[in-house]
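Proteins come first, then strands; the chains are lettered A, B, ... in the order of their sequence lines, and each starts at number 1.
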2 protein chains.
Amino acid sequence: MNRRIPDSTVRRISHYLRALEVMGVQGTPTVSSEELAQQGGTTAAQVRKDLSHFGSFGKRGLGYSVPELASRLRDILGLTCRWRVVLVGAGRIGSALFEYPHFARRGYDCVAVLDNDPEKIGMSWGPVRIRPVEELELVVDALKVDIAILAVPAEAAQTLAERAVAAGARAILNFAAVQLRVPAHVHVAYVNLVVELEALSFAITQNGKGRRK
Amino acid sequence: MNRRIPDSTVRRISHYLRALEVMGVQGTPTVSSEELAQQGGTTAAQVRKDLSHFGSFGKRGLGYSVPELASRLRDILGLTCRWRVVLVGAGRIGSALFEYPHFARRGYDCVAVLDNDPEKIGMSWGPVRIRPVEELELVVDALKVDIAILAVPAEAAQTLAERAVAAGARAILNFAAVQLRVPAHVHVAYVNLVVELEALSFAITQNGKGRRK
DNA sequence: TCCTGTGAAACGGTTCACAGCC
DNA sequence: GGCTGTGAACCGTTTCACAGGA
């Protein structure tokens, strides 16, 4: 029940929650740390340690109640309210994200979409009209945006991040292939396809001695 | 120059390479570990330690030659050959990926696209025709695929991963929100939007005391 | 007995600090 | 003097092992 939670713990808890939700649909009443570990790709001791950061949710000898633990994990992850998100960049990745069904279902409301392409500005994506990127500060401030998603070219990301933060954004999900410099109170998550692909080609090169013949 | 390279090191090297490529275009001849660290969002000691796993590429008192180090890092990451990739899932994320300009430019050739939607099968994406997902084994085997990209629903991912591996794939980039179970020699990279978003909502909830009023 | 919760030990990655070479 | 390369110290996470409650 202490402070300073490892980032790895938070990510695993997100996985545990998803496994619990599947079990909930299937009607499984209780689950052991061992079973959760298998779903989450980790160990039973790790599951128990992760959960112990936040309290004692299980019953010794019995395990965890699936609906109760799911509810507690939703609380911990901050999924009991809806978050206001602005999407910056209405390109391919932006549109894929916008239509991602889990996105709205899991509590994230895309309250605005911005782009700098005159061809796109004014278009409607469902209920949302694409606005010029100049309105970033206006949107973040007036619509009380919590999270800015940057799906823009690498060169533009740093400036846009600074502008979003200055206007009040508290977290950024960055798809651009650059490391962002932001104040310590702002949280950044990275989705970097180039890094992931290069990690794979590195691993194959090391192990498998080059590509397939 | 030893074995067992931390995953974190590989990812940082990918960042260093991108920074070096920008410097190369700008004509910067040499760079210090301090400068590289700033671009990569880390420390000078970390840069030197990362590089020391693979050899000694710098000159004491002077720094690193930008083009030479870039070339060495490309070797290390396995970017000197082109990798054959199959894309499984021709939905929003799949199409965003397929059109991602860096994808082909950085050495990844998407040799086939598969889907299970009869509406999509037979459509052409540029030079590639979308094939039925039943042909996964055929494609991986005949086209000597190295990397399978799974942009499919979570329920389908595990089975498709096993099929791709059985047919000879050596690495998987998984966009589905599940942990995959694969043999140890197969490398998996994850891109999980739900986890990233939940890590952000957790961070805001902890620090900022809930969403903006 | 079964399975959780948790201190303590083990491990591995990061940071430090300095020797060594330009 | 400046900057790299690297063993050693440090520190945070994971794993172990067991006490304790159902």
Mind calculating the distance between [atom1] ([X]) and [atom2] ([N]) to the nearest angstrom?
X        : N      : atom1 : atom2 : answer
Arg72(B) : dT4(D) : CZ    : P     : 16 Å
Lys49(A) : dA8(C) : NZ    : C1'   : 9 Å
Phe57(A) : dC3(C) : CZ    : P     : 20 Å
His53(B) : dT4(D) : NE2   : C1'   : 16 Å
Gln46(A) : dC3(C) : CD    : P     : 20 Å
Leu36(B) : dG5(D) : CG    : P     : 12 Å
Glu35(B) : dC3(D) : CD    : P     : 9 Å

When you check the side-chain N and O atoms of Arg163(B) and Thr159(B), is any donor under 3.5 Å from an acceptor?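 No - no donor-acceptor pair under 3.5 Å links their side chains.
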Going by atom types only, do Ser32(A) and Glu35(A) share a side-chain donor-acceptor pair under 3.5 Å?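 Side-chain D/A pair, Ser32(A) to Glu35(A): present.
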Would you list the protein and nucleotides 19-22 of chain D atom pairs, both N or O, that sit under 3.5 Å from each other?
unit_1, atom_1, unit_2, atom_2, d
dG20(D), N3, Arg60(A), NH1, 3.3
dG21(D), N2, Gly61(A), N, 3.4
dA22(D), O4', Arg60(A), O, 3.1

Is the shortest distance from a Lys or Arg side-chain nitrogen in Glu196(A) or Arg11(B) to a carboxylate oxygen in the other one below 4.0 Å?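 The answer is yes: the pair qualifies as a salt bridge.
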Nearest of [options] to any side-chain atom of [X]?
X        : options                  : answer
Ser56(A) : dT4(C), dG5(C), dT13(D)  : dG5(C)
Arg48(A) : dT6(C), dT4(D), dA8(D)   : dT6(C)
Ser32(A) : dC16(C), dC3(C), dT14(C) : dC3(C)

Measuring only between side-chain heavy atoms, which start at C-beta, is [X] closer than 4.5 Å to [Y]?
X         : Y         : value
Leu197(A) : Val85(B)  : no
Leu143(A) : Val86(A)  : no
Ile172(B) : Val165(B) : yes

